[in-house]
Amino acid sequence: MSLALIAALPFLGALLPGLTIRLGRNACALATGLVTATALLLLAFHAPAVLRGEVVQTRIDWLPSLGLNANFFLDGLGLLFAGLILGIGLLIILYARFYLAARDPMGQFYTYLLLFQGAMVGIVLSDNILLLLIFWELTSLSSFLLIGYWKHLPEGRQGARMALAVTGGGGLAMIAGMLILGNIVGSYDLTVILQNKALIQASPLYIPALILILLGAFTKSAQFPFHFWLPHAMAAPTPVSAYLHSATMVKAGLFLMARMWPVLAGTPEWFWIVATTGLVTMVLAAKIALFKDDLKALLAFSTVSHLGLITMLLGFGTKAAATVAVFHIINHATFKAALFMVAGIVDHEAHTRDLKRLGGLRVLMPITFTIALLASLSMAGIPPLNGFLSKELMLEEAAHAVWLTPWAMGLLATIGALFSVAYSFRFLAHGFLGPVRKDYPHKPHDPGFGLWAAPAFLASLVVLIGLVPMLTASWLVNAAASAVTGEAVAVKITHWHGLEAPALWMSLAAIGGGLALLGLHPRLMAIWNASPRPDAKRIFDALIEPLAAAARDLTATLHNGSLTRAIAIATLAIAAASAYAFATGTHLPGDRALLPLSTVPVIVWAILMIAALATVVLHRDRVVALLLTGIVGLVISIGFAWFSAPDLALTQITVEVVTILLMLLALNFLPKTTPVESTAPRRARDAAIAGIAGLGIGGLALALMTRAPAFDPISHFHLAQSKPGAGGTNAVNTIIVDFRGYDTYGEIIVLGIAALVIFALSEALLRSPTVSARLRAIGSGTNDAGDRHPMMLAIAARVLLPLAMMVGVYLYLRGHNLPGGGFVAGLVFAIAYLTQYLASGYVWSHRRQRYDHHILIGGGVLVASLAGVGAWVMGLPFLTSGYDYVTLWPLETFELATAAIFDLGVFLCVLGAVMLSLASLSRMALRAGEKVNPDAFDIDPSREVR
Amino acid sequence: MTHWIIAPVVLPALVAALMVVALRHSLALQRAASIVSILALNAIAVALLASATQTGPEAYFLGNWPAPFGIVLVLDRLSAMMVLLLTGLALPVVLYAVGSGWDAKGAHFHPLLQFLLMGIAGAFLTGDAFNLFVFFEVLLIASYGLMIHGGTRDRTRAGIQYVAFNLVGSSLFLIALATIYAVTGTLNMADLAEKLPTLPDGDAALIRVAAVMLIMVFAIKGALVPLQFWLPGTYANAPGVVASMFAVMTKVGAYATLRFGTLIFPTTLPATGPLVAEMLLPAALLTLAIGAIGILGATTLPRLVAMAAIASMGTAFIAIAAFTPATTSAALYYILHSTLATAALFLVADLVTRRRTDGMLTAQSPIAQSGLIGALFMVAAIAIAGMPPLSGFIGKLLILDAWRDHAATVWTAILVSTFLTILGLSRAGSTLFWKSQATAGDAPKPKPEPLAFAAVFALLAGLAALTILAGPVTRWLDATAASLYDPAPYIAATKLYQDRADAP
């Protein structure tokens with residue numbers, strides 16, 4: 001548990017800064033520091049065991065089926081890194097307390113910092129590579145927040161995005177690599193994977209896994225050619241740079257290579273990829289660093305260079321080189337973090353980090369200078385400081401490595417060291433030495449103790465490790481290097497390797513050459529400035545911006561909101577897929593005999609075809625098109641009648657009437673014609689697509705109608721059970737209200753919802769001032785007939801009303817046994833009411849309406865639902881109906897079925913839906929300026945007489 | 001359990017009807033009724049889930065007719081899970097609607113929401129293919145009403161496109177059902193599952209056509225390329241809270257594909273073989289790609305989230321398309337995750353756009369509560385991108401792991417699209433919350449919307465729970481996925497009909 005707790009503590013503690021910031025900045029920093037200190041203390045408890053060579057483990061099952069578990073382990077390597085992360089973290093928290101300005105939100109900063117710290121600790125303690133991946137990407141995300149901490153700086157925002165893109169992207173590659181690795185081994189547990197070197201290196205997937213994992217490591221550790229993000233990440237506040245970009249996050253890649261070293265290293269591929277990348281990075285970045293005037297940029301490239309150095313050492317694949325890599329990780333963390341903090345102090349005090357504007361700080365800032373001196377001499381590799389020790393060892397390893405030729409590696413490493421000396425001295429000489437200037441943006445002086453305490457502590461480590469390495473560092477190096485190499489390491493670190501050691505001469509050459517370069521610096525700088533060189537940011541932008549622009553264009557083109565195109569594509573896709581499915585399956589034509597052709601159907605069929613084609617041709621005149629579709633509907637109902645489906649015919653006719661009437665009313669508010677918006681080729685294209693789809697459906701229908709079902713169809717049951725089971729002789733109706741009453745239940749609700757939507761939409765439209773204005777414009781432009789509500793029509797409608805209602809009631813009552821039912825009855829009622837509205841106008845009719853149409857709809861759904869729920873009382877399922885025969889004098893014996901109650905719900909819902917739609921349209925007509933009619937008809941002779 | 005199976009359908013219908021009849025003049029009462037109804041639905045859904053887990057599939061014979069002649073509802077682990085997902089999403093959505101005042105911007109928000117719940121729950125629970133069509137209609141018309149809620153010009157126009165395109169889907173659904181019925185004489189899903197393996201060879205081609213058509217109907221709902229065109233405009237123009245609810249509507253397509261692809265058209269069926277899977281995978285890969293590119297190329301925030309919804313459907317369908325227990329389990333986990341994540345991101349986008357003049361991804365003057373909303377955006381973005389530590393990452397790992405045999409295409413598609421997603425989201429987020437902070441102008445006074453923020457927190461908490469409880473959740477999902485590939489208990493449940501006509 002305690003290892004998991006170490007990783008979890010910073011995450012849990014991330015809540016504290018936000019809470020304690022209300023108590024002041026000191027309390028906030030203190031709380032944050034306590035969190036880190038506690039984690040460090042917990043780690044320290046485990047240190048003795050780890051240094052004895054034991055491995056501490058904590059296992060918590062999380063997602064065992066995938067192999068993702070919260071397993072942690074602590075060995076020498078983990079101890080080294082966790083110690084660095086938490087120890088330097090503590091110093092950074094102290095430093096940041098005094099670095100951040102009053103206007104910077106400190107709570108936020110510490111929250112992000114702790115999130116990052118937790119992620120880093122998680123990486124180095126994970127014993128599960130999937131868990132490691134989670135922490136890995138978390139460092140990318142939390143560093144995104146830290147780099148972009150100063151939201152107002154465009155560099156910060158861009159740097160943050162670039163860092164996230166590169167490191168997050170590398171992380172994605174690593175996901176694939178780790179999954180491959182896990183699949184080779186059969187386990188995602190690191191401790192298991194680390195035992196399977198032979199298995200992994202023999203796998204054909206070793207190379208892809210290696211490349212993908214290294215992509216993750218190289219991007220994180222800013223190795224060439226992914227190094228460019230790191231300098232841009234320096235837009236972050238200096239504590240972030242010191243913490244993430246020198247001591248910890250960028251070392252995650254190194255950690256990973258070290259962690260995987262036992263199973264991935266030792267092959268030629270590993271050597272060539274890793275050592276070469278490291279070497280190139282080291283030399284290239286060191287050269288660039290020499291020409292950077294910004295203190296932080298110089299340090300950034302120097303960091304890249306040193307990361308390259310360590311990568312190269314790991315790439316050698318030998319135990320000795322790996323040991324040196326571990327040692328240099330410690331040394332680099334100490335001197336580079338100190339130098340970043342120094343740069344921050346200079347920036348803080350002098351308000352500039354530009355070497356051209358600095359110089360002479362030795363006098364003005366003696367304490368800072370002392371720290372800078374020690375740290376940068378260590379960076380240059382000057383004895384007896386710690387940087388010298390590991391650099392000597394590195395040169396020694398490089399001298400013995402064979403890369404292309406026996407001497408190339410040594411030469412290039414020396415050149416890298418030479419640049420390193422040069423920029424280190426430049427940092428000192430141009431920043432601190434020389435005369436005091438008069439033109440600093442701000443007169444600098446040494447900061448308070450709070451700001452220099454942390455770098456001073458690190459500088460003291462630089463000296464201590466440098467002077468007595470065997471006492472201060474060797475135990476940690478031994479433990480970590482043993483963990484990396486899997487063998488016991490007992491390192492011997494000395495200052496003097498004897499005259500015959502090549503490292504001595506390489507080192508001397510580097511120092512001499514470096515000093516010479518510094519002397520030549522002004523001239524070299526002029527050449528550098530004159531020569532063209534790739535600007536990483538511009539290249540990155542040149543990749544990303546066109547990508548984003550292309551994405552924008554593609555998305556805008558694809559989803560341009562064209563409905564016709566969308567439907568055309570969908571139709572084609574459906575047709576093509578269906579044709580493919582059909583063509584790849586076996587098909588036998590059906591054996592059902594065709595009906596003989598007779599004259600009447602052919603004529604009706606011709607009418608249907610003509611009406612349908614005419615709709616297409618004349619569709620721009622909307623009223624005509626509507627009438628033509630009405631003809632199509634009527635012909636279909638004739639067809640139903642012809643094929644002995646009177647129920648369907650009845651329903652179809654009433655539906656047609658109601659629809660056409662409502663549509664005609666709606667057309668009032670629309671232009672009378674559809675404008676021509678399509679070109680002839682497009683119409684031809686659309687005609688072709690529609691033709692394909694139509695022929696396809698026609699062919700399908702033919703195939704279906706000429707065959708009998710392969711199995712006994714369920715309709716046989718419905719026909720057989722209509723009377724005995726459901727109590728009605730009309731099988732269509734018993735299907736609607738009994739066998740499949742639940743479908744009907746859904747469908748009437750669809751109708752009800754549609755009416756509610758029409759109502760809500762018209763409400764919204766009427767509320768909009770622009771729509772109202774347009775409605776009024778329509779109203780004033782129409783030529784009304786002189787007699788809008790003729791007396792004849794009104795009187796006829798009034799006479800028809802009770803008759804139609806009686807028909808409706810009749811249809812409703814007989815529905816269970818003969819064509820009819822609640823649906824048709826509702827429509828008949830609706831037509832009767834519609835006629836009143838047509839005859840006497842909306843206002844007149846509306847004044848005579850007692851109940852809101854909403855009540856009809858809601859009531860219909862309620863009645864239908866309750867008719868269904870009623871069955872529960874009897875212990876029967878929803879919508880179970882019962883029936884019985886009743887004799888009531890003087891009537892014949894008749895049937896009473898609970899299905900009739902359900903059908904009443906259908907009736908109410910249908911009626912309400914039509915009426916509410918009508919009411920919504922009428923309200924719009926009123927807004928459009930339709931005259932309000934208080935009387936039943938406009939010309940009333942009786943009124944004239946009076 | 002018996003009658004409780006239909007409660008997720010009947011209860012919201014009754015509540016909606018009651019609102020229309022009696023509560024339509026009082027928004028306060030409608031809100032209360034809506035919230036109470038959804039709380040009750042959640043309780044019912046939990047009970048149904050427990051029942052399905054303990055006793056296995058259970059059928060409910062509507063009208064007391066035996067299957068396949070009447071309609072049956074079937075409660076199994078999958079349908080119970082989807083219902084719980086639906087009601088679990090509805091709760092934060094309704095809270096947000098109340099808290100943000102969206103429900104006051106037009107008529108009938110709450111009845112339509114209840115009807116939508118009814119429609120979706122009905123689609124999840126039904127064991128009858130035609131009844132599925134009916135409930136698709138219910139959810140389509142209710143969602144259309146919600147989509148144009150409060151109607152502005154752009155929203156109404158997008159609404160037409162939504163409903164028109166989906167009516168194409170409805171027609172296709174009917175044609176497919178007609179084909180199936182004409183060939184087999186039945187539309188009961190369990191009955192089809194039982195009969196289709198013995199279908200005569202000569203009918204194979206027609207059943208293949210029907211299968212393809214049905215899957216394309218579901219693909220329209222699930223916004224699968226090339227049938228995704230309706231989604232961006234619809235989701236981007238719908239009120240944010242409605243778009244958030246719609247996160248579960250695409251899952252109806254995913255659910256139906258899974259149900260039909262395992263129960264009725266399994267890869268072992270002689271007539272169809274691997275037809276469904278073969279069609280789904282390329283479409284899913286393309287969907288993911290187009291969605292991810294859309295995230296990078298989006299110019300407005302709502303559109304960005306809409307494209308993220310498309311991308312997540314691509315990912316879900318990739319997992320579905322493999323039709324193995326392992327991938328299906330991964331798909332189910334991802335469906336749970338992406339529903340909550342998409343919904344959360346839509347709500348956050350709504351918090352942002354309501355505080356700005358528009359949803360354009362440009363720097364505008366700072367918004368109220370920028371810090372808090374920015375943090376919520378970050379968390380929701382991490383979730384939708386599938387970055388650690390939230391459930392999206394686990395979901396993607398599960399899918400990658402399950403597809404290990406086709407790593408080259410599937411892994412590349414998923415990882416590269418994740419990269420594009422990160423790029424797009426980081427650009428959007430840094431513009432909205434960082435660059436805008438840097439522009440002149442003071443942040444306006446905070447809008448206290450405790451319910452709205454609580455809704456977002458609830459969704460994010462759901463994601464966190466899904467992450468932490470990944471172990472037990474995936475164990476449950478593994479069993480659920482396994483049950484889909486062993487449909488015998490499902491079919492058997494529909495045969496347990498006992499004539500209860502003589503019941504008291």
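Residue numbering restarts at 1 for every chain, and letters A, B, ... go by the order of the sequence lines. All heavy atoms count here, side chains included; hydrogens, waters and symmetry mates do not.
A:His718 touches chain B through its side chain: at least one heavy atom from C-beta onward sits under 4.5 Å away, while N, CA, C and O do not. For A:Leu547, the parts lying near chain B are the backbone and the side chain together; criterion is any non-hydrogen pair under 4.5 Å. For A:Ile134, the parts sitting under 4.5 Å from any heavy atom of chain B are the backbone and the side chain alike. Contact annotation for B:Pro226: both backbone and side-chain heavy atoms come within less than 4.5 Å of a heavy atom of chain A. In this structure, chain A has a heavy atom under 4.5 Å from the side chain of B:Asp128, while its backbone stays farther away. If you measure heavy-atom distances from B:Ile382 to chain A, the contacts under 4.5 Å come from the side chain alone. Contacts between B:Ile295 and chain A at a heavy-atom distance below 4.5 Å are absent for every atom of the residue. Proximity to chain B involves both the backbone and the side chain of A:Ile574, based on heavy atoms less than 4.5 angstrom apart. With a 4.5 angstrom heavy-atom cutoff, A:Val771 does not touch chain B via any of its atoms. Neither the backbone nor the side chain of A:Thr571 comes within less than 4.5 Å of any heavy atom in chain B. In this structure, chain B has heavy atoms under 4.5 Å from both the backbone and the side chain of A:Ile180. Residue A:Tyr851 does not touch chain B at all, counting heavy-atom pairs closer than 4.5 Å. Heavy atoms of B:Leu172 lying under 4.5 Å from chain A belong exclusively to its side chain. For a residue to count as touching a neighbouring chain, one of its non-hydrogen atoms must lie under 4.5 Å from one of that chain's; by this rule A:Tyr188 touches chain B with the side chain only. Interface remark: B:Arg153 contributes no atoms to any contact with chain A (heavy atom separation under 4.5 Å). Using a 4.5 Å cut-off between heavy atoms, A:Asp712 contacts chain B through its backbone alone, with no side-chain atom that close. Of the atoms belonging to A:Leu558, heavy atoms from both backbone and side chain fall under 4.5 Å from chain B. Heavy atoms closer than 4.5 Å to chain A are found in both the backbone and the side chain of B:Thr467. Heavy atoms closer than 4.5 Å to chain B are found in the side chain of A:Leu554, but not in its backbone. Proximity to chain B involves both the backbone and the side chain of A:Asp743, based on heavy atoms less than 4.5 angstrom apart. Contact of A:Ala871 with chain B is not made at all, since no heavy-atom distance falls under 4.5 Å. In this structure, chain A has a heavy atom under 4.5 Å from the side chain of B:Thr299, while its backbone stays farther away. Contact annotation for B:Phe433: only backbone heavy atoms (N, CA, C, O) come within less than 4.5 Å of a heavy atom of chain A.
When the candidates B:Ala204, B:Ala158, B:Ala16 are compared by the number of heavy-atom contacts under 4.5 Å with chain A, B:Ala204 comes out ahead. Of all the listed residues (B:Val209, B:Val212, B:Ile141), the one sharing the greatest number of non-hydrogen pairs under 4.5 Å with chain A is B:Ile141. In terms of heavy-atom pairs under 4.5 Å with chain B, the best-connected choice from A:Ala579, A:Ala176, A:Gly171, A:Gly169 is A:Ala176. Heavy-atom pairs under 4.5 Å with chain B were tallied for A:Gly148, A:Pro64, A:Gly882; the largest tally goes to A:Gly148. For the options B:Ile148, B:Leu227, B:Asp203, B:Thr152, heavy-atom pairs under 4.5 Å to chain A are most numerous at B:Asp203. Note on B:Thr431, B:Val9, B:Val20, B:Leu231: by heavy-atom pairs under 4.5 Å with chain A, the leading option is B:Val20. Between chain B and the residues A:Ala760, A:Ser578, A:Gly168, the most heavy-atom pairs under 4.5 angstrom are made by A:Ser578. Taking B:Leu62, B:Val21, B:Val138, B:Leu296 one by one and counting their heavy-atom pairs under 4.5 Å with chain A, the maximum is reached by B:Leu62. For chain A, the option among B:Met279, B:Met118, B:Met19, B:Arg475 with the highest count of heavy-atom pairs below 4.5 Å is B:Met118. Most heavy-atom pairs under 4.5 Å with chain B, from the set A:Ser140, A:Ala119, A:Gly561, A:Ala583: that is A:Gly561. Counting heavy-atom pairs closer than 4.5 Å to chain B, the top residue among A:Leu879, A:Ile544, A:Leu563, A:Leu153 is A:Leu563. Taking chain B as the reference chain and counting heavy-atom pairs below 4.5 Å, the highest number among A:His587, A:Arg552, A:His152, A:Arg157 is found for A:Arg157.
Contact detail for B:Met216 and A:Ala577: the closest heavy-atom pair is SD-CB, 3.7 Å. Closest of all the heavy-atom pairs between A:Asp738 and A:Ala726 is OD2-CB, 3.2 Å.
The side-chain heavy atoms of A:Ile714 and B:Leu187, taken from C-beta on, include no pair separated by under 4.5 Å. A 4.5 Å side-chain heavy-atom check between B:Ile207 and B:Leu196 finds at least one atom pair inside the cut-off. By the 4.5 Å heavy-atom criterion applied to side chains, B:Leu415 and B:Leu400 are counted as neighbours. When side chains are defined from C-beta on, B:Tyr144 counts as touching A:Val757, because their heavy atoms get closer than 4.5 Å. A:Ile60 is not listed as a side-chain neighbour of A:Asn69, based on a closest heavy-atom distance of 4.5 Å or more.
Looking at B:Arg208 and A:Thr584, their side chains do bring a donor and an acceptor atom within 3.5 Å of each other. Between the side chains of B:Lys396 and B:Thr418, a donor-acceptor pair is found at a separation under 3.5 Å. Judged by distance alone, the side chains of A:Thr586 and B:Asp201 never bring a donor and an acceptor atom under 3.5 Å apart. A donor atom on one side chain and an acceptor atom on the other are not found under 3.5 Å apart for A:Arg740 and B:Asn131. Between the side chains of B:Ser426 and A:Arg161, no donor-acceptor pair is found at a separation under 3.5 Å.
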Item to check | Worked verdict on A:Ser768 versus A:Thr770 for side chain to side chain donor-acceptor pair (under 3.5 Å) | outcome: CA-CA 6 Å; A:Ser768 148; A:Thr770 47; 2.9 Å; yes

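A tilted orientation is assigned to the rings of A:Trp872 and A:Phe878, their planes being inclined by 30° to 60°.
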In residues 855-866 of chain A, what donor-acceptor pairs under 3.5 Å come from side-chain atoms, sequence neighbours left out?
residue: A:Ser865; atom: OG; partner: A:Tyr745; partner atom: OH; Å: 2.8
residue: A:Ser865; atom: OG; partner: A:Val861; partner atom: O; Å: 2.6

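Between B:Phe130 and A:Tyr742, the distance separating the two ring centers is not shorter than 6.0 angstrom. Between A:His559 and B:Phe229, the ring center distance clears the sub-6.0 Å criterion.
Atom NZ of B:Lys435 is surrounded by 12 or fewer heavy atoms from other residues, nucleotides or ligands within 6.0 Å.
Each of B:Thr126, B:Ile71, B:Leu73 was evaluated against B:Tyr60; a single residue qualifies, B:Leu73, per the side-chain contact (heavy atoms from CB on, under 4.5 Å) test.
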